[in-house]
Amino acid sequence: MGIEEQGGQKTAGTSTIAPATGKLGVMVVGLGAVATTFIAGVEAVRKGLAKPIGSLTQMGTIRLGKRTDNTSPLIKDFAPLADLNDIVFTGWDIFDDNVYEAAAHAEVLDKEMLAQLKPYLETIKPLPAVFDQYYVKRLNGTHIKKGKNKRDLANQLIADIQAFKKTVDRVVIIWCASTEIFIKPTAVHETIESFEKGMDNDDIAIAPSQLYAYAALSEGVPFANGAPNLTVDFPAMVELSKKNAAPICGKDFKTGQTMMKTVLAPAFKARMLGVSGWFSTNILGNRDGEVLDDPESFKTKEESKLGSLDYIFQPDLYPDLYKDLYHKIRINYYPPRGDKKEAWDNIDIFGWLGYPMQIKVNFLCRDSILAAPIALDLVLFMDLAKRTPSLRSIGIQEWLSFYLKSPQSAPGLYPEHDLFIQSMKLKNTLRHIMGQDLITHLGLEYYD
Ligand SMILES: NC(=O)c1ccc[n+]([C@@H]2O[C@H](COP(=O)([O-])OP(=O)(O)OC[C@H]3O[C@@H](n4cnc5c(N)ncnc54)[C@H](O)[C@@H]3O)[C@@H](O)[C@H]2O)c1
């Protein structure tokens with residue numbers, strides 16, 4: 001065998017990964033548009049009413065060995081992922097609507113589809129949430145827990161998790177709730193001890209999402225964050241994640257505009273085309289759009305959306321091409337569109353001898369339709385990480401950056417935003433944990 005496309009690294013093999021037997025309990029924080037589209041979608045697929053389009057775990061394949069081997073199993077047949085039939089849902093929300101009512105309110109799925117799923121969706125009723133309007137100005141919750149301080153509220157969430165654990169075999173938690181205001185890490189976020197003291201003292205820098213994350217990680221439960229809040233991306237949570245073998249993985253579902261950005265920007269960079277400006281604007285009319293209409297929540301989203309281009313373009317390495325890039329992002333709340341977001345990008349690029357050109361991208365998308373399969377994949381892969389000895393105690397699952405606008409990486413390591421690098425990293429991680437050769441795309445041996 002030549003060098004081919006094989007990194008050669010073999011690992012322990014499947015026998016060390018605990019099998020996905022029994023029920024996987026999924027606790028969803030926030031039963032709004034994304035969450036209900038995710039839950040209803042899983043049920044629709046289970047009933048054979050629709051296909052899980054957009055889900056890599058359900059529809060994707062993974063090439064093993066040489067290109068000439070013609071071996072490309074489905075990812076779900078290759079890695080021991082939980083079966084959709086074994087997923088059991090529950091969740092928390094600040095309103096007491098059941099999942100059918102919340103899905104009907106979100107108006108993402110059509111009435112005919114929802115009617116077929118109604119008997120099941122009605123059975124999922126939210127637990128009272130931990131909420132404080134200071135952190136999400138545009139919402140006024142009615143179905144919320146009361147406690148003497150933040151530590152007490154976190155303990156109530158821990159009790160919810162413990163009760164649910166008794167009914168299933170494994171648990172994963174995913175945040176699909178509203179975007180909180182922008183918070184910078186402070187001294188309280190440094191260690192588990194300082195964070196616990198902060199909860200006792202009702203520290204203002206501890207938002208509700210952090211209490212859910214603390215509860216999950218304390219219980220050894222993986223926690224994925226679909227929103228851009230400061231939730232698991234600080235030292236205390238990384239420490240807790242490692243200590244209790246509870247995986248974490250970055251934040252903010254990479255769905256529409258940023259997904260396109262992390263596809264186009266690597267192409268420009270690969271061809272050494274310069275970029276002088278990138279203007280991105282959106283109109284969005286769902287509750288998420290309403291929450292993001294508050295400047296403090298928008299700031300959280302803006303920071304998350306801004307990060308990708310700087311990391312991809314590396315202006316320090318390519319000052320002639322990217323050092324003067326002007327990057328602007330706008331989100332406008334526009335109720336008539338509901339969940340059907342429209343995004344426009346104007347990209348000013350320049351080529352040979354500096355001659356300017358323009359590219360326009362107009363993406364008429366459906367926000368929750370794009371986010372639901374990402375939520376599913378994250379839940380299934382986080383459960384896999386928890387069952388995999390070489391992954392469960394490393395804290396951050398950088399291989400899941402593929403799904404997130406703000407990937408998390410080890411301290412001092414810049415995050416990878418390029419969708420294709422992220423995709424290769426994800427698939428090589430699967431090959432690695434399954435004891436298969438990695439694929440490097442070198443391919444010289446075909447020409448021996
Ligand atoms: N759809 C996408 O493409 C996309 C992409 C990236 C990120 N997101 C993020 O995903 C999140 C969900 O989006 P959505 O469209 O479903 O919004 P949504 O407003 O429809 O749903 C959010 C739900 O969370 C609930 N909630 C708020 N605070 C809570 C708390 N502390 N505890 C429990 N429940 C709480 C709200 O009552 C609401 O039901 C948002 O933060 C959004 O920014 C969405």
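- Evaluated for a salt bridge (Lys or Arg N to Asp or Glu O under 4.0 Å) with Lys145, the options Asp93, Asp152, Asp160 yield exactly one hit, Asp160.
- Using a distance-only test at 3.5 Å, with no hydrogens or angles considered, no donor-acceptor pair links the side chain of Ser72 to the main chain of Thr61.
- A distance-only check finds a donor-acceptor pair linking the side chain of Thr37 to the backbone of Ala33 [under 3.5 Å].
- Looking only at side-chain heavy atoms (C-beta outward), Glu101 and Phe95 stay at 4.5 Å or farther from each other.
- In this structure, the side chain to side chain contact (heavy atoms under 4.5 Å, CB included) partners of Ile173, at least two apart in sequence or on a different chain, are Met27, Val29, Trp92, Ile161, Val171, Ala216, Val221, Phe223.
- Taking each heavy atom of Ser409 and Glu398 in turn, the nearest pair found is CB-CD, 4.0 Å.
- A 6.0 Å sphere centred on NE2 of His327 holds more than 12 heavy atoms belonging to other residues, nucleotides or ligands.
- Taking all atoms of both residues into account, the shortest heavy-atom contact from Asn98 to Pro126 is CA-CD, 4.1 Å.
- What you find for Ala207 and Glu180 is that their closest heavy atoms are CB-OE1, 3.3 Å.
- Crowding of Arg387 atom CZ: a count of heavy atoms from other residues, nucleotides or ligands under 6.0 Å exceeding 12.
- Side-chain N or O atoms of Asn244 include none that pairs as donor or acceptor with a backbone N or O of Ala246 at under 3.5 Å.
- Here the side chain of Thr388 pairs no donor or acceptor atom with the backbone of Ser390 at under 3.5 angstrom.
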For this session: Test side-chain hydrogen bond (donor to acceptor under 3.5 Å, both in side chains) on Asp252 and Ser406 and set out the steps.
Result: CA-CA 6 Å; Asp252 205 7; Ser406 296; 5.2 Å; no
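- Side chain to side chain, Gln156 and Lys146 fail the donor-acceptor criterion of an N or O pair below 3.5 Å.
- Side-chain contact between Met237 and Leu217: present, with at least one pair of heavy atoms (C-beta onward) separated by less than 4.5 Å.
- Two residues are said to be in side-chain contact when any heavy atoms from C-beta on lie closer than 4.5 Å; Thr36 and Tyr100 fail this criterion.
- Sorted by first and then second residue, the ring-ring contact (aromatic ring centres under 6.0 Å, His included) pairs with a member in residues 162-184 read Trp175-Tyr212; sequence neighbours excluded.
- For the residue pair Ala35 and Cys176, the shortest heavy atom distance occurs at CB-CB, 4.0 Å.
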For this session: Would you sort out whether Ile283 and Trp344 count as a side-chain contact (heavy atoms from CB on, under 4.5 Å), showing the intermediate values?
Result: CA-CA 9 Å; Ile283 54 174; Trp344 292 266; 4.0 Å; yes
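- Between the side chains of Ser209 and Thr231, at least one donor N or O sits under 3.5 Å from an acceptor N or O.
- Within the structure, side-chain hydrogen bond (donor to acceptor under 3.5 Å, both in side chains) pairs that include any residue of residues 106-126 comprise Arg46-Tyr120 (at least two apart or interchain).
- In terms of the salt bridge (charged side-chain N to carboxylate O under 4.0 Å, His left out) criterion, Asp83 has no residue partners (sequence neighbours excluded).
- Without hydrogens or angle criteria, Asp132 side chain to Tyr135 main chain gives no donor-acceptor distance under 3.5 Å.
- Residues passing the salt bridge (charged side-chain N to carboxylate O under 4.0 Å, His left out) test with Glu219 are Lys165, sequence neighbours excluded.
- No donor-acceptor distance shorter than 3.5 angstrom exists from the side chain of Lys405 to the backbone of Lys251, with no hydrogens or angles considered.
- Using a 3.5 Å distance cut-off with no hydrogens or angles, the side chains of Lys427 and His432 do not pair a donor with an acceptor.
- Under the rule for a ring pair (Phe, Tyr, Trp, His ring centres under 6.0 Å), the partners of Tyr214 that lie at least two apart in sequence or sit in another chain are Phe195.
- The ring-ring contact (aromatic ring centres under 6.0 Å, His included) contacts involving residues 377-396 comprise Phe381-Trp399, where partners must be two or more places apart or lie in separate chains.
- A pairwise comparison of heavy atoms in Leu430 and Ala79 identifies CD2-CB, 4.4 Å as the closest pair.
- Ion pair Asp367/Lys341 flagged as a salt bridge, since at least one NZ, NE, NH1 or NH2 atom sits closer than 4.0 Å to an Asp/Glu carboxylate oxygen.
- A side-chain N or O of Gln257 and one of Asn282 form a donor-acceptor pair less than 3.5 Å apart.
- For Ser401 and Lys425, the side-chain atoms include no donor-acceptor pair closer than 3.5 Å.
- A heavy-atom distance below 4.5 Å is not found between the side chains of Leu284 and Asn332.
- Gly141 approaches Phe131 most closely through the heavy-atom pair N-CE2, 3.7 Å.
- The closest donor-acceptor contact from the side chain of Arg431 to the backbone of Arg63 lies under 3.5 Å.
- At a threshold of 4.0 Å, the pair Asp383-Arg170 counts as salt-bridged, since one of the basic side-chain nitrogens sits closer than that to a carboxylate oxygen.
- Residues meeting the side chain to side chain contact (heavy atoms under 4.5 Å, CB included) test with Ser194, sequence neighbours left out: Glu190, Thr191.
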Exercise. Are Val136 and Thr179 close enough, and set up right, to give a side-chain contact (heavy atoms from CB on, under 4.5 Å), and what steps lead you there?
Worked result: CA-CA 7 Å; Val136 186; Thr179 299; over 6 Å; no
Exercise. Yes or no on side-chain contact (heavy atoms from CB on, under 4.5 Å) for Leu376 and Leu378, after CA distance, side-chain angles and deciding distance?
Worked result: CA-CA 6 Å; Leu376 172 63; Leu378 278 173; over 6 Å; no
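- The main-chain N or O of Lys76 is never found under 3.5 Å from a side-chain atom of Gln58 such that the two would form a donor-acceptor pair.
- Ring pair Tyr311/His417: centre-to-centre distance below 6.0 Å.
- Considering only residues two or more places apart in sequence or on other chains, Phe38 meets the ring pair (Phe, Tyr, Trp, His ring centres under 6.0 Å) condition with Phe89.
- Side-chain contact check for Thr186 versus Phe234: every heavy-atom pair is 4.5 Å or farther apart.
- With respect to Lys137 and Asp294, no salt bridge is recorded, no charged nitrogen being found less than 4.0 Å from a carboxylate O.
- In terms of the side chain to side chain contact (heavy atoms under 4.5 Å, CB included) criterion, residue partners of Pro373 (sequence neighbours excluded) are, by chain and number, Ser55.
- At least one donor-acceptor pair closer than 3.5 Å links the side chain of Arg392 to the backbone N or O of Lys386.
- In this structure Lys340 satisfies the salt bridge (charged side-chain N to carboxylate O under 4.0 Å, His left out) test with no other residue, sequence neighbours excluded.
- By the side chain to side chain contact (heavy atoms under 4.5 Å, CB included) test, Asp293 pairs with Arg138, Tyr333, sequence neighbours left out.
- In this model, a donor atom of one side chain and an acceptor atom of the other lie less than 3.5 Å apart for Asp377 and Thr57.
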For this session: Decide yes or no on side-chain contact (heavy atoms from CB on, under 4.5 Å) for Gln408 and Cys249, but give the supporting numbers first.
Result: CA-CA 6 Å; Gln408 201 170 339; Cys249 64; over 6 Å; no
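- Ionic pairing of Arg151 and Asp200 is present here: one or more N-O contacts between side-chain nitrogen and carboxylate oxygen are shorter than 4.0 angstrom.
- Counting only distance, with no hydrogens or angles, the side chain of Asn428 and the backbone of Leu438 share no donor-acceptor pair below 3.5 Å.
- The CG atom of Leu309 sits 8.5 Å away from the OG1 atom of Thr258 when rounded to the nearest 0.5 Å.
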